[in-house]
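Residue numbering restarts at 1 for every chain, and letters A, B, ... go by the order of the sequence lines.
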Protein chains: 2
Amino acid sequence: MLSEQVYAHLRDAIMRGDYAPGDALKPQDLAKEQGVSLAVVREALVRVVGEGLADRLPNRGFAVPAFSDRRWQEIAEARRTIEPVVLRMSIERGDVDWEARVRAAHHRLARTPAYAPEQGAYYSGAWSEAHRVFHRTLLEGCGNPVLLETFDRMWTASELARRWSAYRAPDRDHVGEHRRLEEAALARDAGTAAGVLARHLTLTAAGLAGCTDHEPAQEA
Amino acid sequence: MLSEQVYAHLRDAIMRGDYAPGDALKPQDLAKEQGVSLAVVREALVRVVGEGLADRLPNRGFAVPAFSDRRWQEIAEARRTIEPVVLRMSIERGDVDWEARVRAAHHRLARTPAYAPEQGAYYSGAWSEAHRVFHRTLLEGCGNPVLLETFDRMWTASELARRWSAYRAPDRDHVGEHRRLEEAALARDAGTAAGVLARHLTLTAAGLAGCTDHEPAQEA
DNA sequence: ATCCCGCAAATAATCGATTATTAATGCTAT
DNA sequence: ATAGCATTAATAATCGATTATTTGCGGGAT
């Protein structure tokens with residue numbers, strides 16, 4: 001299905017930061033550069049909007065969302081509120097297969113370099129994906145697809161905001177935080193794990209706090 | 001915008017139960033009966049799918065989702081997991097305006113008859129809406145739009161499943177449960193309120209448990 | 001009698017063009 | 001000189017028709 005490809009491409013482009021926040025997503029331009037008709041671009045855009053990766057202004061088209069600092073803090077707070085509870089459930093219910101997958105995901109994350117030389121200041125695509133998989137795997141023991149869908153939505157919003165944050169906590173010990181998370185989870189220490197995760201999310205939020213809103217930008 | 005109207009109509013129709021679970025949503029039929037072109041119907045359908053109110057089968061069109069008993073239990077569990085936590089936050093943070101809105105929402109719910117004579121066994125539309133507003137208002141004190149969006153999504157899924165449940169708990173004391181919720185919330189007793197809400201959701205889940213899956217149905 | 005293959009009808013997906021709305025530009029009147 | 005209005009260019013929204021895919025039916029071979 002063509003619209004699926006266009007949707008995937010659009011989603012990746014936005015998440016990768018190819019467009020600046022506030023940039024207009026013009027159906028005609030996208031159609032030409034993708035070699036498809038307006039209809040499929042439009043369908044892809046509607047899906048992207050539904051996922052929160054773009055805004056729609058009635059009769060004024062589509063645009064990359066301009067995340068405010070306030071919005072970012074709300075997303076971070078929502079994650080702090082929900083994810084530790086789900087992690088508790090996951091640790092109580094996860095089976096041996098889950099344990100194995102947690103180990104595997106942590107191993108991959110630990111062995112993936114966070115920064116690609118050519119990518120400048122941003123995290124590498126491989127690390128971002130490994131990071132996502134590790135956090136998701138931690139929660140997958142809960143066995144509830146609805147809760148995991150909720151995680152997916154919040155993670156997407158969170159990553160989009162992170163992509164556009166100007167600052168990064170310089171003294172952040174990602175590796176240690178993730179290792180403590182893995183250890184607590186595999187030790188079935190739900191209380192400690194939930195606490196570590198909450199602190200992890202708080203630190204991430206603090207690292208991004210204070211970055212100013214981005215002004216609506218011009219053409220890509 | 002035409003697609004907005006068609007979207008709203010489609011959403012209401014599905015939530016109202018105009019289509020049976022599994023029914024195909026044929027763009028051509030919808031276009032003719034709504035007096036619009038395929039494109040706008042298609043856009044509305046894509047949005048509906050994004051909200052979880054319809055399934056999309058590649059190259060096989062759109063259909064009303066056939067909720068399984070398992071799926072329903074997962075939704076109910078997700079609500080039990082998340083909503084009490086948000087309610088705690090809401091009770092800790094809500095201001096006087098929030099208190100007033102809780103009172104108002106409860107009053108409206110208590111004074112709205114649950115069953116409309118002409119609607120048969122189903123809850124009336126007015127009661128369903130008052131019910132939703134009461135539950136949402138309880139959580140709105142948290143002040144976090146992201147958490148409230150999460151509630152909205154789960155509520156929608158929950159109501160859709162409820163619409164198609166064959167059984168209803170006969171001895172259910174809705175009125176008392178809601179009154180206790182309101183009292184605990186306004187007394188700022190977060191622990192009690194969270195407990196009452198968890199029990200409320202458990203009872204709802206139990207009331208719908210055991211209803212068999214609906215077979216994929218034929219034309220509307 | 002049953003299974004497989006191919007044909008035909010239905011419908012999903014896509015396209016190119018048309019219509020309507022918006023934003024910008026330049027003109028006019030005060 | 002500036003404020004307000006008309007014109008125009010750009011683009012969003014919609015439409016009608018075309019193409020591609022799937023599904024059900026019927027004929028023929030085993």
Side-chain angles (χ1 to χ4, degrees), chain A residues 1-14 18-66 214-220, chain B residues 1-14 18-66 214-220:
Chain A
M1 233 160 74
L2 273 182
S3 64
E4 183 69 26
Q5 297 172 237
V6 176
Y7 162 75
H9 179 273
L10 200 49
R11 185 194 150 97
D12 289 352
I14 294 173
D18 289 358
Y19 304 103
D23 268 8
L25 295 166
K26 303 186 184 180
Q28 289 200 332
D29 297 359
L30 292 167
K32 231 186 310 186
E33 84 186 47
Q34 295 283 321
V36 295
S37 88
L38 286 311
V40 320
V41 172
R42 185 160 269 270
E43 176 172 326
L45 282 167
V46 169
R47 288 180 62 184
V48 165
V49 168
E51 230 177 327
L53 268 68
D55 290 339
R56 182 172 195 178
L57 313 134
N59 282 323
R60 295 191 51 193
F62 304 85
V64 178
H214 295 270
E215 63 275 19
Q218 59 286 358
E219 288 285 327
Chain B
M1 234 158 74
L2 273 184
S3 63
E4 184 68 25
Q5 297 173 237
V6 176
Y7 162 75
H9 179 273
L10 200 50
R11 186 194 149 97
D12 289 351
I14 294 173
D18 289 358
Y19 305 103
D23 269 8
L25 295 166
K26 303 185 184 181
Q28 289 201 333
D29 296 359
L30 292 167
K32 231 185 310 185
E33 84 186 48
Q34 296 283 321
V36 296
S37 87
L38 286 311
V40 320
V41 171
R42 187 159 268 271
E43 176 171 326
L45 282 167
V46 169
R47 288 179 62 183
V48 164
V49 168
E51 230 177 327
L53 268 68
D55 290 338
R56 181 170 198 179
L57 312 135
N59 282 323
R60 295 190 49 194
F62 304 85
V64 177
H214 294 271
E215 63 275 20
Q218 59 287 356
E219 288 284 329

Check each residue of residues 1-14 of chain B for a non-hydrogen atom within less than 4.0 Å of any atom in DNA chain C, then write out the ones that pass by number, or none.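 Nucleic-acid contacts, sorted: none.
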Where along residues 33-48 of chain A does a heavy atom come under 4.0 Å from DNA chain C, residue by residue in number order?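 Contacts with DNA chain C under 4.0 Å: A:V36, A:S37, A:A39, A:V40.
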Compare all side-chain heavy atoms of A:L30 with those of A:V6 and state whether any distance is below 4.5 angstrom.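 They are not in side-chain contact.
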Do A:L45 and A:L10 make a side-chain contact, defined as non-hydrogen atoms from C-beta onward lying under 4.5 Å apart?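 Yes, at least one pair of side-chain atoms sits under 4.5 Å.
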Taking all atoms of both residues into account, what is the closest heavy-atom pair of [X] and [Y], and its distance?
{"X": "A:P21", "Y": "A:A66", "value": "CB-CA, 3.9 Å"}
{"X": "B:A63", "Y": "B:G22", "value": "CB-O, 4.1 Å"}
{"X": "B:V64", "Y": "B:A20", "value": "CB-O, 3.6 Å"}

Would you indicate which nucleotide in D:dA13, C:dA12, D:dA12 comes nearest to any side-chain atom of A:F62?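 So the side chain of A:F62 is nearest to D:dA13.
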What is the distance from [atom1] of [X] to [atom2] of [N], rounded to the nearest Å?
{"X": "B:L25", "N": "C:dA13", "atom1": "CG", "atom2": "C1'", "value": "17 Å"}
{"X": "B:K26", "N": "C:dA13", "atom1": "NZ", "atom2": "C1'", "value": "17 Å"}
{"X": "B:R56", "N": "C:dT11", "atom1": "CZ", "atom2": "P", "value": "17 Å"}
{"X": "B:L57", "N": "C:dT11", "atom1": "CG", "atom2": "C1'", "value": "14 Å"}
{"X": "A:D29", "N": "D:dA10", "atom1": "CG", "atom2": "C1'", "value": "11 Å"}

Residues in side-chain hydrogen bond (donor to acceptor under 3.5 Å, both in side chains) contact with B:Q28, at least two apart in sequence or another chain: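 B:Q28 satisfies side-chain hydrogen bond (donor to acceptor under 3.5 Å, both in side chains) with no residue once adjacent residues are dropped.
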Which letter, B, S or -, goes with each nucleotide of nucleotides 18-25 of chain C from 5' to 3', with contact meaning a protein heavy atom under 4.0 Å? ---SSS--
Donor-acceptor pairs under 3.5 Å, side chain of residues 46-57 of chain A to any protein atom, not counting sequence neighbours: which ones?
from	atom 1	to	atom 2	distance (Å)
A:R47	NH1	A:E4	OE1	2.9
A:E51	OE1	A:Y7	OH	2.3
A:E51	OE1	A:R11	NH1	3.3
A:E51	OE2	A:R11	NH1	2.2
A:R56	NH1	B:E43	OE2	2.7
A:R56	NH2	B:E43	OE2	3.1

Listed pairs, N/O of protein and of nucleotides 5-9 of chain C, under 3.5 Å:
none

Using 0.5 Å steps for rounding, measure from the OG atom of A:S37 to the CZ atom of A:R42.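 Rounded to the nearest 0.5 Å, the OG-CZ separation comes out at 11.0 Å.
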